[in-house]
Amino acid sequence: MELPKPDTRVIERKAEIVSDLRNLLPADAVIDSPHEVYAYECDALTAYRCPPLAVVLPETTEQVAAILNYCHAESVPVVPRGAGTSLAGGAMPTEDAIILGVAKLNAVLETDYSNRFIRVQTGRTNLSVTGAVEQNGFFYAPDPSSQLACAIAGNIAMNSGGAHCLKYGVTTNNLLGVTLVTMQGEVTEIGGPMMDAAGLDLLGLICGSEGQLGIVTEATLRILPKPEGARPVLMAFDDVLSAGACVSDVIKAGILPVAIEFMDRLCIQACENHAKAGYPDCEALLIVEVEGSHAEIDAQLARISEIAQRHHPIEIRQSSSAEESAKIWLGRKSAFGAMGQINDYMCLDGTIPVSQLPKVLSRISEIGEEYGLQVGNVFHAGDGNMHPLILFDANKPGDLEKCEAMGADILRLCVEVGGCLTGEHGVGIEKRDLMSDQYSPDDLDIQMSVKDVFDPKWLLNAAKVFPLAASEERRKQALTQAKTI
């Protein structure tokens, strides 16, 4: 992965820039010592690292605005950072950039149960949003696997989903409004505590924009009443194609479970060794969860089990208690950590039409054989959000490059069958040079023109999302133009 060339003029002014930032912020809000900034040199895509120029940790929207206004005036690149759980390098810094972390922006600002919304600062973790309302019988629906740690800011940036997005949607379906600070330091309110705001859909533009257009400091989120009950069923199959076909048939039948999760043998074995969830010995398993009244749950699970029988499962195990439900989910929730005990891996994130699951699973297996690398599959099967895990040895020369090439072929496959490069992880640095496989040059030019409006100097999260050569050329032109004005 090629990294952009830093602006040496900014690096040479580090002492001056840090001093100016300290004049804007509390003393402990600026970090610049080499051994401390190393904690911010990468996010969860750990294969690539680069210490930032400095790190700032503001506590208010006003402080964020002051930082961005200063950095815009001085042409200092800024990389927004939530909790650093991005798997696509979305929060990876460059040598000439400051990291603007939102970790201290973590307060609950307003809760309205009658109108079913909560307003929070965006450094608050995903799971703690539900924690703030669950005693009153409500919850926040998006549930990424990293929900214990990931921040709402990153969820908005990447339009994150999770296991239950099949029924409740991803972040964009649960986001009502934001407070956005532009690169020029302007604070603006977009949307609010209502279903649809008047005017242009700027909220839809901001959600999923990966920190390219501004920094979101506050968010108004939809909260929902907890369902009466929920229950999963585990279904085991002796081949992955049967499991994939079962998913497709459940969706075709018009059934809307809360979640349909898929795991193949490699992931199943890793999870069993790690979590001891009691999973059966099989080639693939599905975890399907439904919710509602007891009668609704019984009816839905009976219909799903009937559909599954057409694909000759070797076991169907319905939960009959909260303890059994927790055990069924235990392995799936532990999957990424469990796979990490086997080897280094790269977690991909492509989305496909559900009807293409059998074909894509078969082709992924063939691609793995072609590259001589193992791949485990664990993903949100209900909405076709694939998460192939490619195992490689980070200490073996050439293995990382082979892994990346294999990953690129899998993501191109997703696009070829009618899907897209990402479902919830974002593009970041991982997929930026694959964007031309999904979008035409004109499409990309229009997208970059939107960034021109919001970030005229191309200082926010530079070298992400767009192909590097095009992004760097755009940034060069923007800075040149800014100097002539």
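What you are looking at is a predicted structure, and each value in this text was computed from that prediction instead of being measured.
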For the [atom1] atom on [X], are there more than 12 heavy atoms of other groups (residues, nucleotides or ligands in this structure) within a distance under 6.0 Å?
{"X": "Lys327", "atom1": "NZ", "value": "no"}
{"X": "Lys359", "atom1": "NZ", "value": "no"}
{"X": "Leu148", "atom1": "CG", "value": "no"}

Donor-acceptor under 3.5 Å ([X] side chain, [Y] main chain):
{"X": "Ser471", "Y": "Pro467", "value": "no"}
{"X": "Arg124", "Y": "Asn106", "value": "yes"}
{"X": "Thr130", "Y": "Tyr140", "value": "yes"}
{"X": "Lys451", "Y": "Leu460", "value": "yes"}
{"X": "Asp43", "Y": "Gly90", "value": "yes"}
{"X": "Ser248", "Y": "Ala245", "value": "no"}
{"X": "Asp349", "Y": "Gly423", "value": "yes"}
{"X": "Gln300", "Y": "Glu291", "value": "yes"}
{"X": "Arg119", "Y": "Glu218", "value": "no"}
{"X": "Gln374", "Y": "Ile390", "value": "no"}

Any side-chain heavy atom of [X] within less than 4.5 Å of one from [Y]?
{"X": "Leu256", "Y": "Leu166", "value": "yes"}
{"X": "Cys165", "Y": "Asp383", "value": "yes"}
{"X": "Lys396", "Y": "Asp344", "value": "no"}
{"X": "Phe379", "Y": "Leu357", "value": "yes"}
{"X": "Val427", "Y": "Leu421", "value": "no"}
{"X": "Met158", "Y": "Pro144", "value": "no"}
{"X": "Leu200", "Y": "Leu205", "value": "no"}
{"X": "Cys347", "Y": "Met339", "value": "no"}

N-O pairing of [X] and [Y] below 4.0 Å:
{"X": "Glu370", "Y": "Arg363", "answer": "yes"}
{"X": "Lys464", "Y": "Glu210", "answer": "no"}
{"X": "Glu306", "Y": "Arg303", "answer": "yes"}
{"X": "Arg474", "Y": "Asp445", "answer": "yes"}

By salt bridge (charged side-chain N to carboxylate O under 4.0 Å, His left out) - contacts of Glu416 (at least two apart):
none
Roughly how far apart are [X] [atom1] and [Y] [atom2], rounded to 0.5 Å?
{"X": "Ile446", "Y": "Ser440", "atom1": "CD1", "atom2": "OG", "result": "7.5 Å"}
{"X": "Lys276", "Y": "Cys271", "atom1": "NZ", "atom2": "SG", "result": "11.0 Å"}
{"X": "Phe336", "Y": "Leu389", "atom1": "CZ", "atom2": "CG", "result": "5.5 Å"}
{"X": "Gln438", "Y": "Leu444", "atom1": "CD", "atom2": "CG", "result": "9.5 Å"}
{"X": "Ile352", "Y": "Leu361", "atom1": "CD1", "atom2": "CG", "result": "6.5 Å"}
{"X": "Asn174", "Y": "Ser160", "atom1": "CG", "atom2": "OG", "result": "11.5 Å"}

Shortest non-hydrogen contact from [X] to [Y]?
{"X": "Lys333", "Y": "Gln147", "answer": "NZ-OE1, 4.1 Å"}
{"X": "Phe262", "Y": "Ala243", "answer": "CE1-CB, 3.6 Å"}
{"X": "Ile215", "Y": "Leu100", "answer": "CD1-CD1, 3.7 Å"}
{"X": "Ala308", "Y": "Pro313", "answer": "O-CD, 3.1 Å"}

Aromatic rings Phe466 and Trp458: how do their planes relate, parallel, tilted or perpendicular, breaks at 30° and 60°?
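Tilted: the ring planes of Phe466 and Trp458 meet at 30° to 60°.
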Any donor-acceptor N or O pair under 3.5 Å, side chains His380, Glu424:
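Short answer, yes.
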When you compare the side chains of Asp143 and Asn126, does any donor N or O come within less than 3.5 Å of an acceptor on the partner?
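The answer is no; no qualifying pair exists.
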